[in-house]
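Below is one structure, written out as structure tokens; the observations come after it.
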Amino acid sequence: MIEQLEQVEKQALAELEAITTVESLRTWRSTYLAKVGPIAEISRGMGKLSAEERPRVGQRINAVKQSLQGAYDALEQKLIAEQRARELEHDRVDVTLPGRPAPAGRLHPTTQTLREIERIFSNLGFTVWESPEVETDEYNFGLLNFPPDHPARDMQDTFFVKMPPGSPKVVMRTHTSPGQIHAMRKFAPEPVRVILPGKCYRMEQVTARSEMMFYQVEGLAVGENITMGDLKGTLQEFATQMYGPEATIRFRPSYFPFTEPSVEVDARCFLCSGKGCRMCKYSGWLEILGAGMVHPNVLRNGGYDPERFSGFAFGMGPERIAILKYGIDDIRWFWSGDLRFLEQF
Ligand code: DAH
């Protein structure tokens with residue numbers, strides 16, 4: 001029996017020698033050290049031994065078990081340590097490599113221009129306000145003195161919002177002017193001085209000069225004794241601050257239903273310095289905004305008595321303002337999402 005035992009021990013240790021992975025080590029253990037296996041088999045033969053022989057053999061069996069268990073433990077530790085070392089080596093981070101630079105984001109040129117416009121008018125005492133992008137036909141047109149079916153509505157090709165039958169007509173606002181009504185109804189009969197920036201929508205042919213979605217900044221001042229002179233002074237001050245002291249603007253008589261008198265304001269084309277180019281349609285001037293004295297009907301719709309109050313209003317397109325400032329040749333760049341364009345700002 002002892003011989004058999006030594007045979008098993010020798011074989012087990014020899015096999016152990018060849019083991020290089022934790023998995024095969026586990027298999028080895030279930031062969032030699034489990035409840036069934038060659039050693040357990042030998043132990044079962046103990047019953048046939050004499051009382052003197054039994055303790056001696058028993059001791060040998062325990063000694064072999066211990067020796068195999070000890071060899072197993074030692075190898076297990078060694079293999080686990082080796083495996084961990086391999087993993088560490090494989091996953092090593094080279095902290096001396098240069099980092100990858102995170103691409104820096106930037107503000108969209110329209111956002112930058114809006115902030116500049118807001119800064120200038122804030123300094124002139126205007127509060128920045130916002131009003132909805134979706135309006136009723138009444139706010140977008142009616143309360144602004146557009147008579148029903150008046151051709152002036154054709155100046156602005158409108159996107160209509162599909163509504164359940166019987167609802168009032170709802171539109172994507174074609175301009176920020178309905179914000180004037182919201183502001184007046186909020187403040188009347190107190191004086192009001194606000195600018196209202198936001199997106200507008202028109203079903204228009206997309207060209208170098210017009211997009212279907214664009215921003216506007218509306219301005220409104222209502223109080224006692226406000227005159228056209230105040231409007232001209234405010235807009236000249238705006239142009240000077242926006243474009244510098246050489247900025248040249250001019251006022252042209254025009255027509256809008258919600259102002260009387262109405263003007264259009266042009267800035268000298270910065271792309272060609274007034275010589276004439278594609279951008280300014282060879283006129284040397286670029287229209288930057290519409291303006292005028294608030295129409296008495298509109299003052300009344302806003303809650304002011306036109307006998308006592310007067311006011312001026314203006315509406316400008318910040319993309320167009322930016323085009324002038326940076327000499328951009330096509331308004332379609334703004335919403336193209338083209339990084340080659342955006343990264344220049
Ligand atoms: N709402 C006009 C447009 O979109 C622009 C405008 C003109 C606004 C004259 C005004 C104004 O406040 O007084 O074309």
Side-chain angles (χ1 to χ4, degrees), residues 117 121 124 126-133 135 137-147 150-159 171-185 192-205 209-223 226-236 238 249-267 286-299 301-302 304 306 309-321 331:
I117 293 169
F121 283 105
L124 292 171
F126 287 76
T127 306
V128 181
W129 256 65
E130 282 184 20
S131 65
E133 283 178 33
E135 288 281 12
D137 180 86
E138 191 193 14
Y139 265 83
N140 196 76
F141 295 117
L143 294 169
L144 290 167
N145 202 39
F146 285 77
H150 190 277
R153 289 179 190 233
D154 294 341
M155 287 162 68
Q156 307 183 352
D157 291 303
T158 311
F159 285 115
V171 302
M172 301 301 287
R173 68 172 169 197
T174 59
H175 54 175
T176 45
S177 301
Q180 289 187 33
I181 305 289
H182 289 290
M184 284 190 276
R185 289 188 168 180
V192 52
R193 226 187 302 170
V194 288
I195 58 166
L196 299 131
K199 285 181 189 137
C200 305
Y201 303 84
R202 284 187 206 174
M203 201 172 64
E204 266 187 321
Q205 184 71 39
R209 293 159 54 94
S210 61
E211 267 276 19
M212 276 194 274
M213 192 277 288
F214 51 93
Y215 273 81
Q216 279 192 347
V217 180
E218 192 80 12
L220 173 73
V222 179
I226 290 185
T227 68
M228 189 100 179
D230 296 318
L231 171 65
K232 291 183 88 173
T234 302
L235 294 180
Q236 180 59 59
F238 166 72
I249 58 172
R250 69 174 187 186
F251 290 72
R252 262 185 302 113
S254 185
Y255 169 77
F256 299 102
F258 35 92
T259 43
E260 182 58 36
S262 303
V263 291
E264 274 172 309
V265 179
D266 302 333
L286 261 166
E287 183 198 326
I288 57 166
L289 55 89
M293 300 307 291
V294 182
H295 194 287
N297 290 346
V298 176
L299 282 173
N301 291 338
Y304 292 96
F309 289 91
S310 56
F312 66 73
F314 56 86
M316 65 178 76
E319 285 96 8
R320 210 159 268 205
I321 303 272
I331 205 160

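A quick note: this is a predicted structure, and the numbers were derived from the prediction, not measured. Numbering of ligands and ligand atoms starts at 1, following listing order.
The two atoms that bring His182 and Ser131 nearest to each other are CD2-CB, 4.0 Å, heavy atoms only. Taking all atoms of both residues into account, the shortest heavy-atom contact from Glu260 to His295 is CB-CD2, 3.9 Å.
For ligand 1 and Ala313, the ligand atoms under 4.0 Å from any heavy atom of the residue are 12 (O), 13 (O). Of all atoms in ligand 1, listed by their number and element, those nearer than 4.0 Å to a heavy atom of Thr259 are 13 (O). In the vicinity of Phe256, heavy-atom distances shorter than 4.0 Å reach the ligand 1 atoms 7 (C), 9 (C). Listed by atom number, the atoms of ligand 1 under 4.0 Å from Gln180 heavy atoms are 12 (O). For ligand 1, the atoms lying closer than 4.0 Å to a non-hydrogen atom of Gly292 are 13 (O).
Heavy atoms of Gln216 come nearer than 4.0 angstrom to ligand 1 in at least one pair. Distances shorter than 4.0 angstrom do not occur between any heavy atom of Glu264 and any atom of ligand 1.
Between Phe256 and Phe146, the ring center distance fails the sub-6.0 Å criterion. Between His175 and Phe258, the gap from one ring centroid to the other is short of 6.0 Å.
Between Thr174 and ligand 1, no pair of N/O atoms sits closer than 3.5 Å. Looking at ligand 1, you won't find any N or O of Phe258 less than 3.5 Å from one of its N or O atoms.
In Phe312, neither the side chain nor the backbone holds a heavy atom less than 4.0 Å from any atom of ligand 1. Here Arg202 has side-chain heavy atoms under 4.0 Å from ligand 1, and that is the only part of it that gets that close. Only the side chain of Ser177 comes within 4.0 Å of ligand 1, counting heavy atoms alone; its backbone N, CA, C and O stay farther away.
With rounding to the nearest 0.5 Å, the separation of CG in Asp266 from CD1 in Ile249 is 9.5 Å.
For the pair Tyr304/Val192, a side-chain contact is recorded, criterion being any heavy-atom separation below 4.5 Å from C-beta on.
A salt bridge does not link Asp157 to Arg202: none of the charged side-chain nitrogens sits closer than 4.0 Å to a carboxylate oxygen. Of the charged side-chain nitrogens involved, at least one lies within less than 4.0 Å of a carboxylate oxygen, so that Arg252 and Glu264 count as a salt-bridged pair.
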